[in-house]
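Structure record follows, encoded as structure tokens.
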Amino acid sequence: MGSRKAVTAVAGIGVVALLGVGAYVGFGEGDDSGGHGGVGAAGGPHKLIAPNTVLGKYEQVEGITSAAMEDPAGFGVRGAKTVQAVYGSGRGAKAISAGLIQYTGAYGTVAAPEKTVDALFADLADRARKPGKGGEKSTMVGRPEDFGAAGVVVKCQETRTEGRSSAAPESRQVLRAPVCAWADRSTAAIVMPMDTRATKAGKAVSLAEAAATTKRLREEVRVAR
């Protein structure tokens, strides 16, 4: 495996950021075993884009973004370019008050999609063990669950973060949210789809629902090249 550099996706939901300042991703190299196989459901090389609007109602949020992946070639995404965006279902100051999707990806050539996805979650688990800048503590709950299909590996896992509430600094608040990752032969990404109000209330979108959102997002941001 190459050097373990990270990607930071900024959560910015106003209480505490998930997994420190968001989701951290590391891509690991592997052999050419394709996991769920193939070059992708649509076949052939693809690239990732970041449209202004996705899923019919989520628009890119100004002032909040996901950091680009550092040195993706070191993580097994060869000849890579990066794409990232944060989407909200609201408008203006309330852009992320209801729904939020964080998306950070890379495209090029992915030798081992399943190993790439497993590396994402291994890196998330490693970084979750370290306290965040605000003292928050994060945990990856259980193990990643497989929601993949022919041509694409998709896995999701719940994150749980405990930290001080911005509204009541003397109290502690627990945030729960799913994180998903996909990889195929030419694209890889991590996605955090959140119902912001439910997250602040200590609830979480189900992994099955998060996986469905991730697959729908992939269909919109993954295009032939």
Side-chain angles (χ1 to χ4, degrees), residues 7 9-13 18 22-23 25 27 34-61 64-66 69 77 81-91 95-107 110 113-114 116-118 120-121 124 144-159 176-199 203-225:
V7 174
V10 179
I13 61 176
L18 298 171
V25 184
F27 285 80
H36 294 270
V39 293
H46 283 67
K47 65 180 180 180
L48 295 177
I49 60 174
N52 290 330
T53 303
V54 296
L55 308 185
K57 64 177 182 179
Y58 289 88
E59 296 186 359
Q60 284 204 41
V61 180
I64 303 177
T65 189
S66 297
M69 188 185 304
V77 187
K81 295 184 179 180
T82 60
V83 177
Q84 59 282 332
V86 172
Y87 293 95
S89 61
R91 298 289 186 275
I96 60 174
S97 62
L100 171 68
I101 297 175
Q102 295 181 173
Y103 154 58
T104 300
Y107 64 92
V110 180
E114 183 133 27
T116 293
V117 169
D118 290 343
L120 302 181
F121 284 104
L124 282 166
E145 294 189 20
D146 190 346
F147 293 92
V152 57
V153 180
V154 180
K155 296 183 181 182
C156 300
Q157 188 174 4
E158 182 180 314
T159 69
R176 298 168 57 207
V179 58
C180 298
W182 89 67
D184 53 54
R185 290 294 189 178
S186 54
T187 72
I190 189 163
V191 179
M192 295 185 75
M194 288 182 275
D195 179 327
T196 310
R197 290 171 293 194
T199 299
K203 302 177 182 179
V205 172
S206 71
L207 296 186
E209 185 177 351
T213 299
T214 297
K215 291 177 182 180
R216 289 171 56 210
L217 180 70
R218 176 178 176 269
E219 289 297 316
E220 295 193 12
V221 302
R222 179 179 175 272
V223 299
R225 58 182 166 97

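Just so you know, residue 1 is the first one in the sequence shown, and it goes up from there.
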Can you tell me how far apart [atom1] ([X]) and [atom2] ([Y]) are? Round to the nearest 0.5 Å.
X: Met192; Y: Ile101; atom1: CE; atom2: CD1; value: 12.0 Å
X: Arg222; Y: Leu217; atom1: CZ; atom2: CG; value: 12.5 Å
X: Thr214; Y: Tyr103; atom1: OG1; atom2: OH; value: 11.5 Å
X: Asp184; Y: Thr116; atom1: CG; atom2: OG1; value: 10.0 Å
X: Arg218; Y: Cys180; atom1: CZ; atom2: SG; value: 13.0 Å
X: Ser186; Y: Arg225; atom1: OG; atom2: CZ; value: 5.5 Å

Return yes if some donor-acceptor pair links the side-chain N/O of [X] with the main-chain N/O of [Y] below 3.5 Å, else return no.
X: Thr187; Y: Ala183; result: no
X: Ser206; Y: Glu209; result: yes
X: Tyr87; Y: Pro51; result: yes
X: Lys155; Y: Phe121; result: no
X: Thr159; Y: Pro178; result: no

Side-chain touch Val191/Val179, heavy atoms, less than 4.5 angstrom = no
Are Met194 and Gln102 side-chain neighbours, meaning at least one heavy-atom pair lies under 4.5 Å?
-> yes
Minimal non-hydrogen separation, [X] against [Y], with atom names:
X: Ser89; Y: Gly99; answer: OG-N, 3.0 Å
X: Trp182; Y: Val117; answer: C-CG2, 3.7 Å
X: Ala50; Y: Gln60; answer: O-NE2, 3.0 Å
X: Leu48; Y: Tyr107; answer: N-CD2, 3.3 Å
X: Val54; Y: Val221; answer: CG1-CG1, 4.3 Å
X: Glu220; Y: Ile49; answer: O-CD1, 4.0 Å

Return yes when atom NZ of Lys47 has more than 12 non-hydrogen atoms of other residues, nucleotides or ligands closer than 6.0 Å, and no otherwise.
->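 Counting other residues, nucleotides and ligands, NZ of Lys47 stays at 12 neighbours or fewer.
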Just do the side-chain contact (heavy atoms from CB on, under 4.5 Å) check on Thr53 and Glu59 with the steps written out, would you?
-> CA-CA 4 Å; Thr53 303; Glu59 296 186 359; 3.7 Å; yes
